[in-house]
Amino acid sequence: MNAIAYVQGDATTPHGKGVKIVAHVCNDLGGWGKGFVLALSRRWPEPEAAYRRWHRERAGNDFGLGAAQFVQVTPYLWVANMVGQRGMRRGRSSGVPVRYEAIDAALGLLADKAVELGASVHMPRIGCGLAGGEWARVEPLVTERLTARGIAVTVYDFGA
């Protein structure tokens with residue numbers, strides 16, 4: 001079993017050779033405008049456009065907590081929009097938006113796509129920024145769903 005590689009850097013410029021998937025967590029409201037998605041949109045317009053269309057057409061597709069959408073942005077690079085947070089705000093009564101079970105389900109879909117493409121996976125500490133999650137709870141999900149299947153995973157800590 002591979003271990004997760006931790007590096008300093010920008011997950012939108014993934015290291016290494018071969019096919020890569022940049023994975024991140026989205027909300028279930030169709031909102032795209034804060035956090036890591038801004039870096040994605042600066043680099044490629046396709047993931048945001050695909051996510052917004054996926055949400056807009058949700059009555060006829062699989063959009064929802066635990067779903068994942070894969071958007072090809074170059075011949076060897078994909079972005080995984082994974083719906084892993086309920087809403088966007090962290091109110092005192094409603095708690096944090098992160099939904100670990102949804103991240104787990106989306107990681108399962110990501111693993112299948114990575115195996116299909118022969119891809120490595122690159123990500124920030126998903127679910128731990130605006131979603132309010134704890135890496136101590138997300139990391140075991142990444143390990144179980146991805147690295148246990150032999151998928152190389154790199155986690156990027158930006159500007160730390």
Side-chain angles (χ1 to χ4, degrees), residues 1-16 18-44 47-48 51 54-55 63-71 73 77-115 117 119-160:
M1 179 167 70
N2 300 331
I4 298 170
Y6 290 90
V7 300
Q8 295 295 315
D10 180 354
T12 68
T13 56
H15 303 197
V19 178
K20 298 175 203 66
I21 302 173
V22 174
H24 71 106
V25 166
C26 306
N27 63 67
D28 65 348
L29 296 178
W32 182 292
K34 289 185 175 180
F36 183 70
V37 297
L38 296 177
L40 285 173
S41 291
R42 278 192 295 273
R43 197 161 302 276
W44 312 285
E48 177 180 359
Y51 169 77
W54 188 31
H55 177 263
F63 183 92
L65 285 171
Q69 177 190 52
F70 302 96
V71 183
V73 294
L77 187 64
W78 295 70
V79 172
N81 294 331
M82 302 187 307
V83 184
Q85 72 179 69
R86 163 105 38 222
M88 292 184 273
R89 292 199 165 67
R90 290 194 259 172
R92 289 187 192 136
S93 61
S94 61
V96 295
V98 69
R99 295 294 181 267
Y100 297 107
E101 63 284 348
I103 290 174
D104 187 44
L107 286 169
L109 298 171
L110 173 61
D112 292 342
K113 188 69 170 181
V115 168
L117 297 172
S120 57
V121 173
H122 304 262
M123 64 179 71
R125 292 184 188 238
I126 58 170
C128 297
L130 296 173
E134 298 173 15
W135 186 246
R137 292 191 59 190
V138 175
E139 182 183 44
L141 303 176
V142 173
T143 298
E144 181 180 329
R145 293 291 188 168
L146 300 172
T147 62
R149 288 184 65 182
I151 299 163
V153 176
T154 304
V155 172
Y156 296 75
D157 289 317
F158 187 75

Applying side-chain contact (heavy atoms from CB on, under 4.5 Å) to T12 and not counting sequence neighbours gives D10, F36, A39, L40, R43, W44
Go through it in stages, so that I can follow the logic: the residues are D104 and R99, the test is salt bridge (charged side-chain N to carboxylate O under 4.0 Å, His left out), and I'd like the CA-CA distance, side-chain angles, deciding distance and then a yes or no. CA-CA 9 Å; D104 187 44; R99 295 294 181 267; over 6 Å; no
With a 3.5 Å distance limit and no angle check, can you tell me whether Y156 reaches the backbone of T13 through a side-chain donor-acceptor pair? no
Closest non-hydrogen atoms of A67 and W54, given as atom of the first, atom of the second and distance, are CB-CZ2, 3.6 Å
- [ ] Decide side-chain contact (heavy atoms from CB on, under 4.5 Å) for M123 and L146; before the verdict, give the C-alpha distance in whole Å, the side-chain angles of both, and the deciding distance to 0.1 Å.
- [x] CA-CA 12 Å; M123 64 179 71; L146 300 172; 4.0 Å; yes
Exercise for the section: Walk me through it: do W78 and F70 pass the test ring pair (Phe, Tyr, Trp, His ring centres under 6.0 Å)? Expected result: CA-CA 6 Å; W78 295 70; F70 302 96; 7.3 Å; no
Is the shortest side-chain heavy-atom distance between T154 and H15 below 4.5 Å?
no
Checklist line | Test side-chain contact (heavy atoms from CB on, under 4.5 Å) applied to R125 and V138, step by step | finding: CA-CA 8 Å; R125 292 184 188 238; V138 175; over 6 Å; no
Within the 4.5 Å heavy-atom criterion, are V73 and P47 side-chain neighbours or not? yes
Could you go through V7 and D157, starting from their C-alpha distance and side-chain angles, then the distance that decides it, and tell me whether this counts as side-chain contact (heavy atoms from CB on, under 4.5 Å)? CA-CA 6 Å; V7 300; D157 289 317; over 6 Å; no
P14 and L77, any side-chain heavy atoms less than 4.5 Å apart: yes
Closest non-hydrogen atoms of A114 and V121, given as atom of the first, atom of the second and distance, are CB-CG2, 4.0 Å
Atom pairs and distances, donor-acceptor, side-chain atoms in residues 18-31, under 3.5 Å, two or more places apart:
from, atom 1, to, atom 2, distance (Å)
K20, NZ, G16, O, 3.0
K20, NZ, G18, O, 3.1
H24, NE2, N81, OD1, 2.6
N27, OD1, L29, N, 2.8
N27, OD1, G30, N, 3.1
N27, OD1, G31, N, 3.2
N27, OD1, Y51, OH, 3.1
N27, ND2, G31, O, 2.8
D28, OD1, G87, N, 2.7
D28, OD2, R86, NH1, 2.8

When rounded to the nearest 0.5 Å, the distance separating CG of L109 from CZ of R145 is 8.5 Å
Sorted by chain and residue number, the side-chain contact (heavy atoms from CB on, under 4.5 Å) partners of A152 (sequence neighbours excluded) come out as S120
query: E139 and I4: side-chain contact (heavy atoms from CB on, under 4.5 Å), yes or no, with the steps?
result: CA-CA 9 Å; E139 182 183 44; I4 298 170; 3.8 Å; yes
Nearest heavy-atom approach of A131 to P97 is O-CD, 3.1 Å
For A3 and T147 the tightest heavy-atom approach is C-CG2, 4.3 Å
All heavy atoms of A102 vs all of V83, minimum pair found to be CB-O, 3.7 Å
* Asked: With side chains defined as the heavy atoms from C-beta onward, is the minimum distance between L107 and V142 less than 4.5 Å?
  -> yes
**Prompt:** Under 4.5 Å between any side-chain heavy atoms of V71 and E48, yes or no?
**Reply:** no
